[in-house]
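Along the sequence shown, the residues carry numbers beginning at 1. Keep in mind that this is a model prediction, so the values were computed, not measured.
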Amino acid sequence: ECRDLGALLVGFLERHRSEAGPLCMADPMAPEVDLGAKAWRVEEVRRAFGVAADSLQLQPCLSGVLLGWPRGGMIDGQREFARLFGLASGAGRRRGRRIAATPSAGNEGE
């Protein structure tokens, strides 16, 4: 089903900012795995989700929550995506296996 991804993102952030108890998030690649079960800074995560939700309500663009995202625009392909998120060139899929990308050195504070 085609849905508005912006509305889904805001809905996700709103739900997890106010939900009581542990974070419960199924891994989309392995639905039987709960990604939030071992979260130990739950309240900090909830506050971060709340800040992101509020930012998106005030400025409905990813530039409000992702540093470096072009205001009112889109990124231009995989190279721009890799640059924006500090990923090594060529990170992604290789030989049919998903490769976990890690931030490059020096981008921790961006």
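The CD atom of Gln57 sits 6.0 Å away from atom CD of Glu14, with the distance rounded to the nearest 0.5 Å. Taking CG from Leu66 and SG from Cys61, the interatomic distance works out to 9.0 Å, rounded to the nearest 0.5 Å. Of the inter-residue distances, the one linking Asp76 atom CG with Leu84 atom CG reads 12.5 Å to the nearest 0.5 angstrom.
Closest of all the heavy-atom pairs between Pro70 and Ile75 is CD-CG2, 3.9 Å. In plain terms, the two heavy atoms of His16 and Phe49 that are nearest each other are CB-CD1, 3.4 Å. Nearest heavy-atom pair, Gln59 versus Gly64, reported as atom, atom and distance to 0.1 Å: NE2-N, 3.8 Å. Of all heavy-atom pairs spanning Gly72 and Ser63, the tightest one is N-OG, 4.4 Å. Annotation for Ala26 and Pro31: closest pair CB-O, 3.7 Å, computed over non-hydrogen atoms.
Annotation: Gln78, atom CD; neighbour count of heavy atoms from other residues, nucleotides and ligands within 6.0 Å does not exceed 12.
Salt bridge absent: Arg47 and Glu44 never bring a charged side-chain N and a carboxylate O closer than 4.0 Å.
A single hydrophobic cluster is not seen to contain both Leu9 and Val51; linkage of ILVMFWY side chains at heavy-atom distances under 4.5 Å, directly or through other members, places them apart.
A heavy-atom distance below 4.5 Å is not found between the side chains of Leu13 and Val65.
Under the side chain to side chain donor-acceptor pair (under 3.5 Å) criterion, Ser18 pairs with no residue, sequence neighbours left out.
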